[in-house]
Structures are given as structure tokens and as C-alpha cells.
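For reference, the structure discussed in these notes is given below.
For clarity, every value in this text was computed on a predicted model and none was experimentally measured. In what follows, every chain begins at residue 1, and chains take the letters A, B, ... in the order their sequences are listed.
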Number of protein chains: 2
Amino acid sequence: MLTKKQNDVLMFIRQRIRQGLPPTIREIADEFRFGSTGTVRDYLKALVKKGFIALCEKKSRAIELTEKAMLNIPILGRVPAGVPVLAVENVEDYFNVDKLFSQKDDLFFLRVHGDSMIGAGIMPDDLVLVKKQSCAQDRDIVVCRVDEEEITVKILRNRENRFFLEPANKNYSIIPLNEHSQIVGKVITAIRRYI
Amino acid sequence: MLTKKQNDVLMFIRQRIRQGLPPTIREIADEFRFGSTGTVRDYLKALVKKGFIALCEKKSRAIELTEKAMLNIPILGRVPAGVPVLAVENVEDYFNVDKLFSQKDDLFFLRVHGDSMIGAGIMPDDLVLVKKQSCAQDRDIVVCRVDEEEITVKILRNRENRFFLEPANKNYSIIPLNEHSQIVGKVITAIRRYI
DNA sequence: ATTTGTACCACACAAATGTGTGGTATGTCA
DNA sequence: TGACATACCACACATTTGTGTGGTACAAAT
């Protein structure tokens with residue numbers, strides 16, 4: 001689909017975009033030792049025509065990569081036999097960083113201590129992303145301060161309007177919520193880093 | 001440290017950079033209905049002085065975010081009794097969202113199917129962030145194509161230079177790696193969204 | 001009382017940058 | 001043959017864009 005040179009130009013543009021600043025036409029010309037800006041525009045036109053980039057007229061550096069050139073991190077669903085892993089048909093969605101981590105300041109991470117939530121897949125040293133709120137619903141995973149003690153992560157349970165904190169580990173017991181306890185927030189994401 | 005307005009300008013710049021194209025001085029002026037480019041330069045100067053951005057002279061749109069300005073969500077460690085949750089002394093580290101997703105190129109997410117890794121806290125429907133690589137080490141959690149079948153997530157085991165794929169669930173059995181199997185990548189992060 | 005920082009404005013200028021119109025040469029495909 | 005894509009170049013032009021030099025007003029700190 002793309003010629004070698006066209007691919008080289010696309011790779012250069014991608015690299016610059018990844019570094020945070022798309023190149024100008026003359027910067028591309030300099031990189032490839034082209035004597036004319038017209039040459040660059042021939043390449044850009046070809047890349048637009050083939051669907052790898054989009055240009056915004058009259059704006060400097062306004063080169064965008066299309067989905068074809070892959071800007072977001074793809075989320076793959078089931079990957080059938082024989083199909084290359086990153087093939088387009090496997091892409092279930094794209095992971096939108098901005099959606100998950102909106103720049104609101106009522107979010108914080110909490111490092112999990114202990115194994116009381118291990119049955120829910122929350123392991124010691126995991127990070128849980130917590131949205132600050134003082135109320136929550138049945139089955140929400142909440143961060144709670146119990147008896148003015150340390151902070152704990154548990155499953156909130158509502159049984160006939162009485163609230164309990166339920167661990168996801170049979171070695172721990174259920175704690176009823178009382179007036180000395182306070183919900184700090186609700187767990188909206190759990191993250192574990194292996195490196 | 002930053003005034004409300006300075007923060008607003010910084011957030012606008014951040015948003016534009018995330019979208020792939022930093023703004024020009026006049027685009028910032030338009031956004032905030034400033035009548036003069038000089039006003040914008042006052043803001044940029046202030047942001048440079050306070051260490052949130054860096055500028056490259058004579059280049060259009062050349063605004064870079066410093067580490068200080070990247071989206072940092074506080075990570076809390078142990079929160080002792082009586083101390084407000086988000087107090088400074090609880091902050092163990094900052095989770096730098098921009099940094100985690102900056103490499104982009106050889107990363108993809110895979111949605112996990114099945115419960116074969118449940119013992120390692122990787123549940124069905126979790127997203128695992130995978131770095132593409134064809135080799136891995138003992139105990140790494142890897143994404144692998146076995147017998148040219150579907151993709152699977154398992155623990156890689158090296159016993160006397162023989163490689164095995166080990167599930168984290170006793171209902172599944174250990175699979176020896178053979179010439180029809182291929183490591184696709186290494187799991188570097190696991191993410192579970194509750195909303 | 002003076003300095004410093006914040007928060008704006010006006011206008012001009014030079015450089016950077018995209019655009020337009022031409023050109024040459026080579027090869028492929030129908 | 002003709003049409004088309006690729007791969008370059010030259011040069012002029014208009015707009016965009018960063019820069020420079022001024023200004024006003026207000027508030028807080030020294």
C-alpha cells in the first residue's frame with residue numbers, strides 16, 4: 001500500500017507526534033534533504049489519499065494520524081487462531097486515558113495492604129483508584145474508616161437498611177457499620193503494575 | 001503555587017497536547033478571549049518561571065509539559081487513625097498517567113477471558129496492558145499463542161531450560177511450550193474498571 | 001514608598017509556515 | 001499511445017505565528 005519512502009515519511013511524522021510536536025513541512029524537508037517544500041506536500045497528499053494522515057488547512061504542524069496509523073492503545077478482545085494479534089478485526093475498543101482519569105481532584109490512589117479482598121482480585125500492593133464520596137450502594141467496593149482506625153477496603157452490603165463491610169476472604173469477618181465509621185470513597189478502578 | 005487562571009491556561013494547554021497538537025499563542029488568546037498576544041505571553045512566562053512548561057524559541061506551538069505539569073494522582077500508603085485521608089503525610093508517591101501511556105507504540109490492551117489466572121488476581125474481563133516482545137523470563141506473566149490456537153494469558157515457567165505455561169488456577173493444567181507456540185508479549189499492568 | 005507579581009491591552013515587525021503555480025524525469029498499466 | 005502515480009525541484013506569495021516594545025490597573029509584600 002505504502003511505498004518505502006512514503007512509509008519513512010510517515011514513521012518520521014509519527015515519531016515527532018509521539019515526542020509531542022508534529023513537524024512542519026520544512027522540518028520534514030530538512031530531515032529527508034528535500035530541496036523543496038513541494039516534494040513534502042506530494043508525500044503528504046499521498047498519505048492523505050491513502051488514509052494514514054489528516055491535515056488541517058492553514059494550521060501549522062496540523063498533521064493528525066488516523067486510526068489506521070493507530071494513535072490510541074487498542075484493546076483486543078478474543079483473538080482467533082491464525083490471525084495476527086494486532087489485526088484490525090481484533091480491536092474491541094480503544095483505551096481512552098482522558099476518559100478514565102479526568103482531571104478532577106477528587107480522585108486518589110490507595111495502596112492496598114493485606115489480603116482481605118483477594119477473592120475480588122484485589123491483591124496486596126495493588127493500587128485502587130478511589131473517587132471521594134461519603135455514600136455508596138450495595139455491592140460497591142468502598143474505602144472506609146472504621147471505628148476511627150486505619151483505612152480499609154471492603155465490599156459495602158445493605159441488608160434491610162443496615163450496612164455492613166464484607167471482606168472477600170473467608171479468613172476475615174463481616175463488620176457492621178456504626179456511627180464511628182465513615183465511607184471515604186468508592187473504588188472505581190484497580191491497577192496492578194508488574195514492572 | 002499557581003493562580004486559578006494560570007491553572008486554567010495550563011489545563012487548556014495540557015488538553016490540546018493530549019489531543020496531539022499544542023496550541024499557538026493566538027489560539028490560547030482566542031480560547032480565553034484575550035485581546036492581545038502579550039497577555040498570553042505573560043501567562044506562558046509565569047508557567048515557565050514556575051516550572052510547569054518549557055518553550056522552544058521561534059518554533060510554532062513548541063510548548064512542552066514538564067513532569068511537574070503532567071497529571072499526577074496521589075498514591076496513599078497506610079493512612080493512620082485520626083489523620084485526614086488526603087493529608088500530605090499520607091502521600092506515598094504520585095501516579096503519573098502521562099508517563100505510563102507515553103510509550104504507546106508497542107503496547108496494547110487485551111481483555112481477559114476465562115478464570116485461569118484468578119489466583120494471580122487477574123479476573124475475567126480485566127484489561128491487561130501488554131508490551132509486545134517475543135521473549136520473557138521465568139515468572140513473567142505472558143501473553144502467548146499456543147499451538148496456533150487462540151491467545152492465552154499465563155505465567156511463564158523456566159525449569160531446566162524447558163518452558164511451561166502455568167495457570168493460576170488448580171482447575172487448569174500446565175502447558176509445555178513447543179515450536180507451535182509463540183510468546184506475544186509480557187503483561188506489565190492489569191486494570192479493572194468497576195464503572 | 002518601592003518593588004514585585006498578576007492581569008490585562010495595542011501595535012508593529014520579522015520570521016516561520018502553508019499555499020500556489022509552474023517544471024523535469026521515471027515507471028506502470030490498460 | 002495516453003493516463004496516472006511516484007519522486008523530485010524552483011520560486012513567489014499570503015497568512016500564521018512568535019517577538020519586541022510599549023502601556024494601564026490592582027494588590028501584596030518589603
Do B:F32 and B:Y43 have their ring centres less than 6.0 Å from each other? no
Using modelled atom types and a 3.5 Å cut-off, is there a donor and acceptor pairing between side-chain atoms of A:T189 and backbone atoms of A:L129? no
Give the minimum heavy-atom separation between B:V128 and B:A190, together with the two atoms involved. CG1-CB, 4.2 Å
When you measure from the side chain of B:T24 to the backbone N and O of B:R61, does any donor-acceptor pair fall under 3.5 Å? no
Regarding A:K4 and A:D8, does a basic nitrogen lie under 4.0 Å from an acidic carboxylate oxygen? yes
Looking only at atom types and distance, does a side-chain atom of B:N169 sit under 3.5 Å from a main-chain N or O of B:I118, one as donor and one as acceptor? no
Specify the residues of residues 36-46 of chain B, ordered by number, for which at least one heavy atom lies under 4.0 angstrom from an atom of DNA chain C. B:S36, B:T37, B:T39, B:D42, B:Y43
Any side-chain N or O of B:S60 less than 4.0 Å from the OP1 or OP2 oxygen of D:dT16? no
Could you tell me how far apart A:L10 (CG) and D:dT6 (P) are, to the nearest whole angstrom? 14 Å
Whole angstrom is fine here: how far is it from CG in B:D30 over to P in D:dG18? 12 Å
Most 5' of B:K58 and B:F34 on DNA chain C, judged by nearest nucleotide: B:F34
Start and end of the DNA chain C segment that chain B contacts, any atom under 4.0 Å from a heavy atom: C:dG5 to C:dT17
When you compare the side chain of A:L21 with that of A:R16, does any pair of heavy atoms fall below 4.5 Å? no
Given atom NZ of A:K49 and atom P of D:dA7, what is their separation to the nearest angstrom? 13 Å
Would one find a side-chain N or O of A:K5 under 4.0 angstrom from OP1 or OP2 of D:dC8? yes
Look only at the side chain of A:D140 and the backbone of A:V142, and say whether a donor-acceptor pair between them is shorter than 3.5 Å. no
Can you measure A:E31 atom CD to D:dC8 atom P for me and round it to whole angstrom units? 14 Å
